[in-house]
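Have a look at the structure below, then the notes.
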Amino acid sequence: MSQSPTWNRKDLIDVEPLDRAEIETIFTAALAFKQAMETDNKKQPLLDGRTVVNLFLEPSTRTRLAFEVAANRLSADTITVTSEASSLTKGETLRDTARNMEALKADIIVMRHAASGAPNYLSKVVDIPVINAGDGSHAHPTQALLDAFTLIEKLGPLDGKKITILGDILFSRVARSNIACLQRLGADVTVAGPSTLVPKRFETMGVTVSHQLEAALAKADAVMLLRIQHERQTATHFPSIGEYTSMFGLNKARAKWLKPGAIIMHPGPINRGVEIDSELADSGQSVILQQVTNGIVIRMAVLHLCHCAQHGQSPQLPG
Ligand code: CP
């Protein structure tokens with residue numbers, strides 16, 4: 001085991017406050033876990049005897065399973081709690097739910113919630129680490145980290161690289177976290193889509209706003225597609241799904257506007273035939289499933305680093 005650079009945060013609520021060195025510390029740990037998995041595929045003993053609670057109060061496939069796999073690969077025990085199967089349905093508060101988890105000797109809470117700010121609130125009412133697995137339209141820090149980690153694997157350092165995020169930017173926590181993370185790593189970010197879902201005010205975040213699909217695709221080293229977040233929209237922002245697809249869906253003809261070697265990303269879940277054609281999602285240009293696999297080692301890194309910060313320990317990495 002070798003030492004890794006310092007990490008002082010017990011919680012990961014957002015990617016926004018992280019500096020480049022902190023993001024690179026997560027990547028160093030993730031890479032060490034990835035190399036260890038590829039060589040001997042053994043579990044790491046770093047969270048042996050610890051319990052990770054996955055408190056998922058909004059649906060999830062990739063994030064919940066990747067946190068569960070990551071915790072298991074670090075030798076932790078895992079418990080998954082969903083809103084339907086908890087006493088939240090009987091009126092118990094989030095604070096009481098979390099404090100009961102702490103009383104039951106949970107060591108880390110991983111939380112997804114429909115309300116922006118819920119994980120931040122939770123981190124103030126419990127002493128154990130809280131990791132945000134996506135809150136409302138606010139932040140999805142581990143998604144942004146795994147996306148950037150995958151981009152670096154494919155494109156090398158991101159300084160000056162042009163990344164286009166295409167789709168429902170307005171309601172997307174993935175877009176907000178990716179903008180912050182990619183900018184911290186030196187990338188040049190464009191957000192694209194219909195003006196109702198990609199308002200000009202996003203320019204205040206330092207990104208280019210584009211409503212011209214061809215131009216936004218032609219300059220991109222990578223395009224990241226986002227689905228329409230119906231669950232967070234209170235009004236329609238375009239006439240119909242069919243019209244959205246006809247204007248902004250990525251199909252084979254429009255993919256020709258991309259540079260040779262440009263990669264296609266999507267955080268999932270994909271709505272095939274809406275924001276992306278099936279053939280493209282499954283093509284050699286797509287790294288969608290590689291993003292999912294990298295989600296394991298990014299979450300191993302975050303769980304390990306936050307646990308070490310909580311206990312005043314130095315991170316221990318394989319290799
Ligand atoms: N990318 C993502 O957050 O997917 P899930 O909603 O399935 O976790």
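In each ligand, atom 1 is the first atom listed, and ligand 1 is the first ligand listed.
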Enumerate, atom names and distances included, each donor-acceptor pair closer than 3.5 Å involving a side-chain atom of residues 256-271, sequence neighbours excluded.
from: Lys259; atom 1: NZ; to: Lys219; atom 2: O; distance (Å): 3.4
from: Lys259; atom 1: NZ; to: Asp221; atom 2: OD1; distance (Å): 3.0
from: His266; atom 1: ND1; to: Gly268; atom 2: N; distance (Å): 2.9
from: His266; atom 1: NE2; to: Glu275; atom 2: OE2; distance (Å): 2.7

(request) Enumerate the protein residues lying less than 4.0 Å from ligand 1, judged by heavy-atom distances, in chain and residue-number order. (result) Ser60, Thr61, Arg62, Thr63, Arg112, His140, Gln143, Pro267, Gly268

(message) For Glu279, is there any backbone N or O sitting under 3.5 Å from a side-chain donor or acceptor partner on Arg272?
(response) no

(request) May I ask you to check whether over 12 heavy atoms, not counting those of Gln313, lie within 6.0 Å of atom CD? (result) yes

(request) Please tell me if the side chains of Glu68 and Val110 come closer than 4.5 Å, counting only heavy atoms from C-beta onward. (result)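 No, their side chains stay 4.5 Å or more apart.
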
(message) What I want to check is whether the side chains of Thr63 and Arg112 have a donor and an acceptor closer together than 3.5 Å.
(response)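 Side-chain D/A pair, Thr63 to Arg112: present.
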
(message) I need the Ile298 CD1 to Phe67 CZ distance, nearest 0.5 Å.
(response) 10.0 Å

